[in-house]
Amino acid sequence: MLNEALRLIRVYHDLRQTEMADQLGISKSYLSEIEKGSKKPTLDLVEKYSNRFGIPASSIMFFSENIDNTRAYEKAKGVVAQKIIKLMQYLAEKSDHAHADQS
């Protein structure tokens, strides 16, 4: 399930495969094969995700091992919900500042 975890991390950060591949220094086709599960990601690639998103590699591995685990999924859903709320607050604040600057 590591392939699915890496795909979900990319999607969560609203990145297209091309953008993600560029940021990781790999080809889009290689990233596509990894996300489909036809190729296994290397530890080096997991480390690149870790560095890019500030997520410990161990957390990425834990997430991948527990994608199908309902209890872990529910816990992760709560964490994601908190991050979404923070993101929405940030965007609202940014929008308020932009509107204030235009006035």
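When a residue number appears, it is its place in the shown sequence, counting from 1.
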Let me confirm one number: the [atom1]-[atom2] distance from [X] to [Y], rounded to the nearest 0.5 Å.
{"X": "E93", "Y": "Y90", "atom1": "CD", "atom2": "OH", "value": "8.5 Å"}
{"X": "I34", "Y": "L45", "atom1": "CD1", "atom2": "CG", "value": "4.5 Å"}
{"X": "I84", "Y": "L91", "atom1": "CD1", "atom2": "CG", "value": "11.5 Å"}
{"X": "L8", "Y": "I60", "atom1": "CG", "atom2": "CD1", "value": "12.0 Å"}
{"X": "S27", "Y": "Q17", "atom1": "OG", "atom2": "CD", "value": "10.0 Å"}
{"X": "S32", "Y": "N3", "atom1": "OG", "atom2": "CG", "value": "11.0 Å"}

[X] side chain near [Y] side chain, heavy-atom distance below 4.5 Å:
{"X": "E35", "Y": "R10", "result": "yes"}
{"X": "H13", "Y": "M20", "result": "no"}
{"X": "F53", "Y": "L15", "result": "yes"}
{"X": "I55", "Y": "Y49", "result": "no"}

Could you walk me through whether K28 and R16 pass the side-chain contact (heavy atoms from CB on, under 4.5 Å) check? CA-CA 10 Å; K28 181 197 173 287; R16 295 186 318 255; over 6 Å; no

Exercise: identify the closest heavy-atom pair between A57 and S50: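 Result for this residue pair: N-OG, 3.4 Å.
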
Residues K36, E33: salt bridge by 4.0 Å N-O rule: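 Salt bridge: no.
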
Can you get from Y12 to M88 by hopping between Ile, Leu, Val, Met, Phe, Trp and Tyr side chains that sit under 4.5 Å apart?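 In one cluster with Y12: M88, yes.
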
State which residues pass side chain to side chain contact (heavy atoms under 4.5 Å, CB included) with D14; sequence neighbours excluded, sorted by chain then number.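 Counting only residues at least two positions away or on another chain, D14 forms no side chain to side chain contact (heavy atoms under 4.5 Å, CB included).
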
Checking M61 against L2 for the side-chain contact (heavy atoms from CB on, under 4.5 Å) test, could you report, in this order, the C-alpha distance in whole Å, the side-chain angles of both residues, the deciding distance, and whether it holds? CA-CA 7 Å; M61 301 303 282; L2 184 54; 4.0 Å; yes

Hey, is NZ on K48 packed in by over 12 heavy atoms from elsewhere, all under 6.0 Å?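 Yes, enclosed.
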
